[in-house]
Trainee: 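Let me give you the structure first, and then I'll get to my questions.
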Number of protein chains: 2
Amino acid sequence: MTSRTQRNTKAKREAPKSLDRAAWLMAAWRALARSGVEGVRVEPLASELGVTKGSFYWHFADRAALLDALLEDWERRATAAVIDRVDATSEDPRVRLRELVHFTTSVSEAPDAEHAIRAWGAVDGAARKKLDRVDARREAYVRALLIAAGVDEGVASFRAHVVYLALIGEYARVAHGGARTSLDAWEELLRMTLGPSSPRASSA
Amino acid sequence: MTSRTQRNTKAKREAPKSLDRAAWLMAAWRALARSGVEGVRVEPLASELGVTKGSFYWHFADRAALLDALLEDWERRATAAVIDRVDATSEDPRVRLRELVHFTTSVSEAPDAEHAIRAWGAVDGAARKKLDRVDARREAYVRALLIAAGVDEGVASFRAHVVYLALIGEYARVAHGGARTSLDAWEELLRMTLGPSSPRASSA
DNA sequence: TGTGTTCCATACGGTTGCGTATGGAGTTGT
DNA sequence: ACAACTCCATACGCAACCGTATGGAACACA
């Protein structure tokens, strides 16, 4: 309150420009990962950022606009980004599959955000739609990898689904503080998944 | 407002006694499944039940007490109850395992509640503790079934973990409106899981 | 030095929900 | 009938947020 002349002057060394949408988005991500959708509130975020609501309502129409932005941001980073990265590792689908599992499993901030969005999707329609799209895309990718690895097309869908369910489950467990699944367990899953189709396909 | 003499007289045919804890608990479950922890609020529940807060604060100390009661209730129903039921179906561990999957998968109200509690556990410490206990117990049960079914003890832990992850994933997907995974997919998982250990145990 | 634009502070009204205090209507026992 | 007990209604005070309205400080630019 002594002098308010330097609000911007040294707030950030490299970005002397004042707060922008991105800063609000990042803060929103932290809040989302920490406390779920209900935790991303305008005024708390403002005080965390050291400003007031006035700033928020300059960059966003309202709280819903911020939540929409979160969803859009997530859709990008949760599909194309991951797939591109995995595709860049190797041509071998088995290697790619392993990399996919290890990567999505090792990024330490991802589970919280992902799980928060899943919980959000259970309550909100917009989040639900995004989730369904992302799920479909990722599962299809896993399925394609399995088929490329020589798994029968018939069982590939089932196995891809199961693998993907396990990944979702891992996100959920890690999100509430559970221990991460060991690499050995993932390897076992991949062995079972990439293995030959079981003897009797229909046992009734 | 005409006459308030019959509040109880015909509220419920069989239970003329007025509202009790159980009624509040059920309403809380519905709210939890529908909107998550943040959705279970005293005043909305009251108006849903056709009473006022006065009733609630008679049966419960505060909102936290209601949430605790939910957690306790869930721990009972999510472990012992399920295991007892599964154990009652057969002696064959394979049949039991199948029954476990089909049962936990088919109870249509369970996924919403389970997922809501998982989301809750990501935010709250008490819920987290309950979750960890329940997870450990259920996973140990699956592991025991696998071993009883002849799976090597070495891989049984890994496979039990994977199966359990898939179940959690299923809860998550169903909770936000996703389609239930087909029985065929579950059967495929069981086939892989109950099958022999893969050829090369260490491929590096 | 004026003028416009960008970004934020301040202040306000309104809603929702928590917890408490208190009384009162029914019911039960005697 | 009277007292005691059970269960709920009513009415407050309080806090957290949302969204809006409005002014002002800093900066650019001419």
Side-chain angles (χ1 to χ4, degrees), chain A residues 1-28 30-32 34-70 120 123-124, chain B residues 1-12 15-28 30-32 34-70 120 123-124:
Chain A
M1 203 184 276
T2 38
S3 87
R4 48 166 19 78
T5 330
Q6 76 331 354
R7 185 167 11 94
N8 253 337
T9 313
K10 294 184 65 66
K12 277 192 176 181
R13 218 61 70 108
E14 308 306 293
K17 306 190 59 63
S18 45
L19 237 45
D20 58 343
R21 272 180 75 103
W24 282 98
L25 256 187
M26 280 191 295
R30 285 194 298 272
L32 179 67
R34 190 186 340 114
S35 323
V37 215
E38 297 299 325
V40 14
R41 320 204 94 101
V42 176
E43 285 171 332
L45 285 183
S47 74
E48 177 188 332
L49 288 173
V51 295
T52 66
K53 305 189 298 184
S55 172
F56 177 83
Y57 286 101
W58 170 258
H59 296 287
F60 297 88
D62 51 16
R63 197 178 91 112
L66 175 62
L67 298 184
D68 282 350
L70 280 177
W120 183 4
V123 172
D124 178 81
Chain B
M1 203 185 275
T2 38
S3 88
R4 47 164 21 79
T5 329
Q6 75 332 353
R7 185 168 12 94
N8 254 336
T9 313
K10 294 184 66 67
K12 276 193 176 181
K17 305 188 62 64
S18 44
L19 237 46
D20 58 343
R21 272 179 75 102
W24 282 99
L25 256 186
M26 281 191 295
R30 285 194 298 273
L32 179 67
R34 189 186 340 114
S35 323
V37 215
E38 296 300 323
V40 14
R41 321 207 91 103
V42 177
E43 286 172 331
L45 285 183
S47 73
E48 177 188 331
L49 289 173
V51 295
T52 65
K53 304 191 296 184
S55 172
F56 177 83
Y57 286 100
W58 171 259
H59 296 287
F60 296 88
D62 51 17
R63 197 179 92 113
L66 175 62
L67 298 184
D68 282 350
L70 280 177
W120 183 5
V123 172
D124 177 80

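Every chain is numbered from 1, with letters handed out A, B, ... down the list of sequences.
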Trainee: Spell out, as yes or no, whether a donor-acceptor pair under 3.5 Å connects the side chain of A:R34 to the backbone of A:V40.
Mentor: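 No, because the side chain of A:R34 does not come within donor-acceptor range (under 3.5 Å) of the backbone of A:V40.
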
Trainee: To the nearest Å, how far apart are A:L49 CG and C:dA9 C1'?
Mentor: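 Distance, rounded to whole Å: 15 Å.
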
Trainee: Could you check how far CD of B:E38 sits from P of C:dC18, rounded to whole Å?
Mentor: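 About 10 Å, once rounded to whole Å.
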
Trainee: Can you measure B:R21 atom CZ to D:dT6 atom P for me and round it to whole angstrom units?
Mentor: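 Answer to the nearest Å: 16 Å.
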
Trainee: Does A:R63 reach the side chain of A:L67, with side-chain heavy atoms less than 4.5 Å apart?
Mentor: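 Heavy-atom side-chain distance check passes, below 4.5 Å.
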
Trainee: Ignoring backbone atoms, test whether B:H59 places a side-chain nitrogen or oxygen under 4.0 Å from the OP1 or OP2 oxygen of D:dC8.
Mentor: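 So the side-chain polar atoms of B:H59 do come within 4.0 Å of the phosphate oxygens OP1 or OP2 of D:dC8, strictly under.
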
Trainee: Test: side chain to side chain donor-acceptor pair (under 3.5 Å). Region: residues 37-46 of chain B. Which pairs qualify, not counting sequence neighbours?
Mentor: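 Non-adjacent pairs meeting side chain to side chain donor-acceptor pair (under 3.5 Å): B:E43-B:K53.
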
Trainee: For nucleotides 13-18 of chain D, list the nitrogen or oxygen atoms of the protein found under 3.5 Å from its nitrogen or oxygen atoms, one pair per line.
Mentor:
from   : atom 1 : to    : atom 2 : distance (Å)
D:dC18 : OP1    : A:V42 : N      : 3.0
D:dC18 : OP2    : A:V42 : N      : 3.0
D:dC18 : OP2    : A:E43 : N      : 3.1
D:dC18 : N4     : A:K53 : NZ     : 3.4

Trainee: Which residues satisfy the salt bridge (Lys or Arg N to Asp or Glu O under 4.0 Å) test with A:R30, sequence neighbours excluded?
Mentor: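 For A:R30 the salt bridge (Lys or Arg N to Asp or Glu O under 4.0 Å) partners, ignoring immediate neighbours, are A:E48.
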
Trainee: Choosing from D:dC8, C:dA9, D:dA9, which nucleotide comes nearest the side chain of B:W58?
Mentor: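 Nearest nucleotide to the side chain: D:dC8.
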
Trainee: Of B:F56 and A:A61, whose closest DNA chain D nucleotide lies nearer the 5' terminus?
Mentor: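 The answer here is B:F56.
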
Trainee: The criterion is side chain to side chain contact (heavy atoms under 4.5 Å, CB included); which residues satisfy it with B:A65, sequence neighbours excluded?
Mentor: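 Applying side chain to side chain contact (heavy atoms under 4.5 Å, CB included) to B:A65 gives B:F60, B:A61, B:D62.
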
Trainee: Looking at residues at least two apart in the chain, or sitting in another chain, which of them share a side chain to side chain contact (heavy atoms under 4.5 Å, CB included) with B:S55?
Mentor: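 If we apply the side chain to side chain contact (heavy atoms under 4.5 Å, CB included) test to B:S55, skipping adjacent residues, the hits are B:L19, B:W24, B:V51, B:H59.
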
